[in-house]
Trainee: 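First, the structure itself, so that you have it in front of you.
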Amino acid sequence: MKRIAFIGLGAMGKPIAERLLQGGYELTVFDVNRDSMAPLIAAGAREAASPKAAAEHAQAVFAMVPDAPDAEEVALGVDGVLHGISAGAYYIDMSTIDPITTRRIGARLAEAGAKMIDCPVGRTTKHAREGKLVLMIGGDAADIDAMMPVFELLGDTFIRCGPLGNGTATKCVNNYVAMACNAISAEAFVIGKKAGLTPEHMLEVFGTTMASNAQALQVFPQFALAGNTEPGFMIALGHKDLRLAIGLAHSYDCAVPVGQATMDIMAKALEAGMGRKDCSSLLLMHEKAAGTTVRLQGSGG
Ligand code: NAD
C-alpha cells in the first residue's frame with residue numbers, strides 16, 4: 001500500500017496525517033477549511049477538491065472529523081468518498097461517532113466494494129504527534145491485519161473490538177466513564193477544599209484507594225489544579241461524546257441518570273462559554289459557586 005487519502009486535518013487529524021507523510025506514504029488531503037491543509041501541502045501532500053476526489057486514487061482513505069453528521073457527509077455526501085473510492089480500497093473512520101452511523105456508512109461503502117474499519121483513538125494530540133495513540137479498531141479481522149503496518153505508525157496500543165461499529169461503541173462507553181470521572185472529581189476537589197483539605201492530600205488518598213481514576217490523578221494536576229484551562233480535551237468534545245453515548249443508550253433502552261447529570265453540567269459549561277476549555281475546567285465553575293479555589297502548591301495558577 002502506497003497511496004493514502006486523509007480527510008479532516010484538525011487538532012487530531014493533522015498530526016496523524018503528518019506521521020503518514022513522514023512514514024513515506026503518498027498522501028492526498030482534504031479539509032473543508034483550506035487553511036488546515038496548508039502545512040500538509042507544504043510538507044509534500046497533494047490537495048484534493050473534495051472527499052470524492054481524495055478517494056479516487058487512494059488505496060486507503062482515512063477520515064478524522066468532529067461528529068456523526070460530518071462523518072456521514074464525508075463518506076456519503078454528494079461529493080463524498082463513496083463516489084470516488086475504488087472497489088477493494090479501505091475506508092478508515094477515526095472520528096468519535098456512534099456505531100449506528102458507522103454501520104450505516106459501512107453498509108453503503110460495502111455496496112461499492114470498499115472495506116470499512118472504524119478506528120477511533122484515545123489519548124491526546126501529543127500522543128498523536130508521537131505515534132502513541134490507543135486505537136480502538138472494529139471491522140473484519142483480515143482487513144485490520146492488512147492495515148496494521150499503517151496503524152503501527154500512529155499508535156502503540158491496538159485494541160481489536162470486534163466487527164465494524166464496535167470500535168466506536170467502545171469509544172462511546174469509554175468516554176462516558178471518563179467524563180463522569182472528570183465531573184465527579186471536579187466536585188470532590190471543591191468539597192474537600194471547603195472542608196479543609198489540600199489537593200495534594202486528596203490526590204495522595206485517591207491514588208491509593210478505590211477512588212483512583214485517571215481524570216483526578218493525571219488530568220487535573222496537569223490542567224485545572226495547575227490553573228491551566230487550555231485543552232487537553234475540550235468541554236465541547238466531551239459534551240459531544242456524552243451526547244453520542246446517551247443517544248446510544250436510548251436506542252437500547254438503557255438508563256443514564258449519572259451520564260445525564262454529567263452532560264447537564266457540561267451543557268452549563270458550554271452555555272458559560274467554556275466549550276474550548278479543558279474538561280477539567282468544570283472545577284472553575286464549582287470554585288466560583290463555592291467561593292474558593294483549589295490549586296496545587298507552586299502551580300502558579
Ligand atoms: P477539530 O475540530 O480540531 O478538527 C476537525 C477537522 O475536520 C477540522 O479541520 C474541520 O475543518 C474538518 N471537517 C469538519 N467537517 C468536515 C467535512 N465535512 N469535510 C472535511 N473536513 C471536515 O477536531 P479534533 O480534535 O481533530 O477531533 C476529531 C475527532 O477526534 C473528533 O471526533 C474527536 O472527538 C476525536 N478525538 C479528539 C481528541 C482530542 O484530544 N482532540 C482525542 C480523541 C479523539
Side-chain angles (χ1 to χ4, degrees), residues 5-19 28-41 45 47-55 61-84 91-99 101-102 105 118-130 132-137 154-155 157 159 167-176 178-179 182 214-215 218-219 222-223 230-245 266 275-280:
F6 205 100
I7 300 164
L9 303 160
M12 265 291 167
K14 177 172 171 279
I16 294 174
E18 279 169 351
R19 286 196 67 82
T28 303
V29 293
F30 175 75
D31 193 297
V32 280
N33 175 3
R34 292 200 70 197
D35 291 346
S36 321
M37 288 193 269
L40 271 301
I41 309 289
E47 175 180 343
S50 66
K52 171 179 183 275
V61 182
F62 283 74
M64 183 51 131
V65 291
D67 205 347
D70 310 310
E72 196 138 18
E73 172 72 22
V74 164
L76 309 179
V78 186
D79 276 324
V81 169
L82 174 67
H83 307 294
Y91 183 64
I92 299 100
D93 194 342
M94 305 191 104
S95 320
T96 300
I97 61 170
D98 65 276
T101 304
T102 297
I105 293 172
D118 59 328
C119 188
V121 303
R123 298 183 183 150
T124 66
T125 50
K126 177 173 176 284
H127 293 97
R129 282 193 295 279
E130 293 170 352
K132 292 183 176 165
L133 292 167
V134 182
L135 275 57
M136 296 167 231
I137 315 171
L154 311 180
T157 309
I159 301 172
T168 44
T170 302
K171 177 73 178 168
C172 279
V173 293
N174 181 77
N175 282 25
Y176 190 71
M179 288 302 100
N182 173 76
Q215 293 288 323
Q218 293 173 32
V219 177
Q222 199 189 334
F223 294 94
E230 287 298 308
F233 187 62
M234 285 191 283
I235 286 176
L237 285 180
H239 179 268
K240 177 213 68 166
D241 290 353
L242 278 166
R243 175 174 49 71
L244 290 172
M266 297 191 82
R276 299 198 70 81
K277 294 193 185 301
D278 186 70
C279 285
S280 63

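We count ligands from 1, going down the list as the structure has it; atoms in each ligand are counted the same way. Values in this document were obtained by computation on a predicted structure and should not be read as measured data.
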Trainee: Scan side-chain atoms only and decide if T168 and D118 contain a donor-acceptor pair under the 3.5 Å cut-off.
Mentor: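 Yes, because at least one side-chain N or O of T168 sits under 3.5 Å from a partner of the opposite role on D118.
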Trainee: Is any N or O atom of M94, backbone or side chain, closer than 3.5 Å to an N or O atom of ligand 1?
Mentor: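 Checking ligand 1 against M94, no N or O pair falls under 3.5 Å apart.
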Trainee: For atom 3 (O) of ligand 1, what is the nearest protein heavy atom, given as residue, atom name and distance?
Mentor: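 Answer for atom 3 (O) of ligand 1: A11 N, 2.9 Å.
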Trainee: Run down the list H127, M12, K126 and name the one with the heavy atom closest to atom 39 (C) of ligand 1.
Mentor: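 Ranked by closest heavy atom to atom 39 (C) of ligand 1, first place is M12.
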Trainee: Please state which part of S36 comes within less than 4.0 Å of ligand 1, counting heavy atoms only: side chain, backbone, both or neither.
Mentor: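 The side chain, only.
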Trainee: Could you tell me whether the side chain of L133 reaches within less than 4.5 Å of the side chain of I16, counting heavy atoms only?
Mentor: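 A side-chain contact exists here, since the closest heavy-atom pair is under 4.5 Å.
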Trainee: Can you tell which of I97, V29, D31, D35 gets a heavy atom nearest to atom 8 (C) of ligand 1?
Mentor: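 The option holding the nearest heavy atom is D31.
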Trainee: Please identify which atoms of ligand 1 are closer than 4.0 Å to at least one heavy atom of K240.
Mentor: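 Checking each atom against K240, I get 31 (C), 32 (O), 33 (C), 34 (O).
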Trainee: Just distances here: any N/O of T125 and N/O of ligand 1 closer than 3.5 Å?
Mentor: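 Between T125 and ligand 1, no N or O pair is found under 3.5 Å apart.
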Trainee: How about F30 and T28: do any of their side-chain heavy atoms sit closer than 4.5 Å?
Mentor: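 Not touching, per the 4.5 Å side-chain cut-off.
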Trainee: Short list, please: which atoms of ligand 1 are under 4.0 Å from a heavy atom of F30?
Mentor: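 Counting from 1, the qualifying ligand atoms are 19 (N), 20 (C).
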Trainee: Which residue from V121, L9, V32 reaches closest to atom 16 (C) of ligand 1 through any of its heavy atoms?
Mentor: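 When every heavy atom of V121, L9, V32 is considered, V32 comes closest to atom 16 (C) of ligand 1.
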Trainee: Give the atom numbers and elements of ligand 1 that come within less than 4.0 Å of a heavy atom of T96.
Mentor: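 Those atoms are 32 (O), 34 (O), 35 (C), 44 (C).
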Trainee: Side chains of N33 and L9: closer than 4.5 Å at any heavy-atom pair?
Mentor: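 They are not in side-chain contact.
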Trainee: For M64, take its heavy atoms, then give the atoms of ligand 1 lying under 4.0 Å from any of them.
Mentor: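 In order of numbering, the contacting atoms are 7 (O), 28 (C), 29 (C), 30 (O).
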Trainee: Check whether any side-chain heavy atom of Y176 sits under 4.5 Å from a side-chain heavy atom of L242, and report yes or no.
Mentor: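 Result yes, sub-4.5 Å side-chain heavy-atom pair found.
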Trainee: Which one of G238, P66, G8, G77 has a non-hydrogen atom at the shortest distance from atom 14 (C) of ligand 1?
Mentor: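 Going through G238, P66, G8, G77 one by one, P66 has the nearest heavy atom to atom 14 (C) of ligand 1.
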Trainee: Is ligand 1 under 4.0 Å from a heavy atom in the side chain of D67, in the backbone, in both, or in neither?
Mentor: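 No part of D67 is near ligand 1 at this cut-off.
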Trainee: So do D67 and R243 actually touch side chain to side chain, heavy atoms under 4.5 Å?
Mentor: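 R243 vs D67: side chains touch.
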Trainee: Considering only heavy atoms of V74, which atoms of ligand 1 have at least one such atom less than 4.0 Å away?
Mentor: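 Those atoms are 17 (C), 18 (N), 19 (N).
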Trainee: Would you mind reporting whether M266 and C279 have side-chain heavy atoms less than 4.5 Å apart?
Mentor: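 Side chain of C279 against side chain of M266, heavy atoms only: contact under 4.5 Å found.
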Trainee: Is the shortest side-chain heavy-atom distance between T157 and R123 below 4.5 Å?
Mentor: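 Yes, close enough: below the 4.5 Å cut-off.
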Trainee: Report, in ascending order of atom number, the atoms of ligand 1 lying under 4.0 Å from any heavy atom of R123.
Mentor: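 Every atom of ligand 1 under 4.0 Å from some heavy atom of R123: 42 (C).
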Trainee: Is the shortest side-chain heavy-atom distance between K240 and T96 below 4.5 Å?
Mentor: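 Result yes, sub-4.5 Å side-chain heavy-atom pair found.
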Trainee: What protein heavy atom lies closest to atom 4 (O) of ligand 1? Include the residue and the distance to one decimal.
Mentor: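 Checked against all protein heavy atoms, atom 4 (O) of ligand 1 sits closest to G10 CA, 3.1 Å.
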Trainee: Under 3.5 Å, is there a donor-acceptor pair between the side chain of D241 and the main chain of G238?
Mentor: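 Side chain of D241 to backbone of G238: no pair is present.
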